[in-house]
2 protein chains.
Amino acid sequence: MARIEADLEDLTARARIRDAAMRLFGEYGFERATIRGIAEAAGVSSGLVRHHFGSKQALREACDAYLVKEIRRMNDEARTDSMRTAANPVGSALAKLGPYQRYLARALAEGWAAPLFDEMVRMSEEWLEEADKARPDPPFASRKARATVGAAMGLTVPILHQHISRGLGVDLATPQGAHLLAVTLLDIYSHPMLTPETAASMRDALEKLRNSPPSSPS
Amino acid sequence: MARIEADLEDLTARARIRDAAMRLFGEYGFERATIRGIAEAAGVSSGLVRHHFGSKQALREACDAYLVKEIRRMNDEARTDSMRTAANPVGSALAKLGPYQRYLARALAEGWAAPLFDEMVRMSEEWLEEADKARPDPPFASRKARATVGAAMGLTVPILHQHISRGLGVDLATPQGAHLLAVTLLDIYSHPMLTPETAASMRDALEKLRNSPPSSPS
DNA sequence: ACGAGCACTACACATGTGTGTAGCATAAAG
DNA sequence: CTTTATGCTACACACATGTGTAGTGCTCGT
């Protein structure tokens, strides 16, 4: 049995196929990535892909499930060595995602991987729970709502990776790019775009609009 | 000539094809959307699509170019009636995007539409230029860097539309969903996740890591 | 030793899709 | 009226791709 190999180095053909699939799905997207391409990348025949996973769709779902498991593991790990992550949470999270970053981005952007996103929302909620303690005023929205939008915002980075790289002038995959991103995020997260007063007034205006909707015909 | 029709109602076959393409590209993605499907949605033959646009790729580029033009127009419009947009910038921006929201999201997530993103960065820069006036401390990063990341974050909403809807428990397309999102964004944008002190210390830690990179083997 | 099961391959099939070509109708220009 | 251009359609081709089927060698249990 190849089980021994699997436990030692995770080099079983099935695992290799999964890894190749995640790589190619992430690189080309689900449609453009072909079973034959994945098979070739994994060093196996295309038939074996079907043998192990049944169909392309099922292969995708297996990748999703694997990533959910990995994300959970990373999340637990991140709790322990909070030393390094404290300095650069987003950066270290991305670093941990590593080769799965592109897959994650594609999966979310294409609308799959609902459980993955929900898991990250849950992680954000835990983070927020702590942050809320140091907050005097009542939030405008529920913790879950804020965690959802917050998580989504964090996921922007891997999803729009190349656009952001272009905007920053450095590839985010390089140390320089990662550093610049981290500093920029630090600035954004520590400087509110709106003052409490303007926010309150906007909120009031919003409530007024809610009762008397604008005259748009839609 | 059908030019008269075009100027009056934008109902020329070419425009109908473009609109149908943007809708289907947005709904299904570039690969899964077929020329035949687009042709059917536009009420024309599949050959006409090719006749007008040459190829599927060129059709996509035409859609991109059209959207850039539209975004520019919307941006100019937004400057005039700043009354309503002031209360809910993101919401009104999304409302303006309307049917093109999904296309924009797909285009960016799939890596096309670089000029589109860059245009939105430029818009963010203008926004930031004004905001920076009321800011005493020097920013951590250049305005363009902050505008890039900020724009990307804003674009999260249309890109992860369905995930956010699921997390909020309301479809963002409904007035209730839009309202909840607006309120949540207001809260996030008015409450920094980090205090200036922690941000400063994290920044220092980041600089230290920069000089002595972590022991990860990658 | 031997048969059963599994990992794995080679090959064929059906189909959807982008693209190319030929042709028709309508209308403006001469 | 004829000619020409153009918006538009119908049809066919080449090809890639997901999927299905048959077959082979190897390993393990008995």
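A note on names: the letters A, B, ... follow the listed sequences, proteins ahead of strands, and every chain is numbered from 1.
Distance A/L48 CG to C/dT9 P: 5 Å, rounded to the nearest Å. In this structure, A/Q57 atom CD and D/dT19 atom C1' are separated by 14 Å, rounded to whole Å. The nearest whole Å value for the distance from the CZ atom in B/F25 to the P atom in C/dG18 is 9 Å. Rounded to a whole Å, the OH atom of A/Y28 is 16 Å from the P atom of D/dA16.
Picking from D/dC8, D/dT9, C/dT19 the nucleotide with the shortest atom distance to the side chain of B/A13 gives D/dC8. Distances from the side chain of A/S45 to the nucleotides C/dA10, C/dA7, D/dG18 place C/dA10 closest. When the nucleotides C/dT9, D/dT9, C/dG18 are ranked by their closest atom to the side chain of B/T34, C/dG18 comes out on top. Comparing C/dT9, C/dT19, C/dA12 against the side chain of A/R36 picks out C/dA12 as the nearest.
Ring planes of B/F25 and B/W112: perpendicular class, angle over 60° (limits at 30 and 60°). In this structure, A/Y66 and A/Y100 have perpendicular ring planes: the angle between them is above 60°, well past the 30° mark.
Here B/H51 reaches the OP1 or OP2 of D/dG7: one of its side-chain N or O atoms lies under 4.0 Å away.
As judged by a 4.0 angstrom heavy-atom cut-off over every strand, B/R14 is placed among residues making no nucleic acid contact. Note on B/A33: only backbone sugar-phosphate atoms sit closer than 4.0 angstrom, heavy atoms only; bases stay farther off.
Contact check for B/L185 versus B/L181: side-chain heavy atoms found under the 4.5 Å cut-off.
Along DNA chain D, the nucleotide nearest A/G47 and the nucleotide nearest A/R32 are compared for position; the residue whose nucleotide lies closer to the 5' end is A/R32. Residue order along DNA chain C, read from the 5' end via each residue's closest nucleotide, puts A/H52 first among A/S46 and A/H52.
A cation-pi geometry, defined here as NZ or CZ lying under 6.0 Å from the six-membered ring centre and within 45° of its normal, does not hold between B/R106 and B/Y28.
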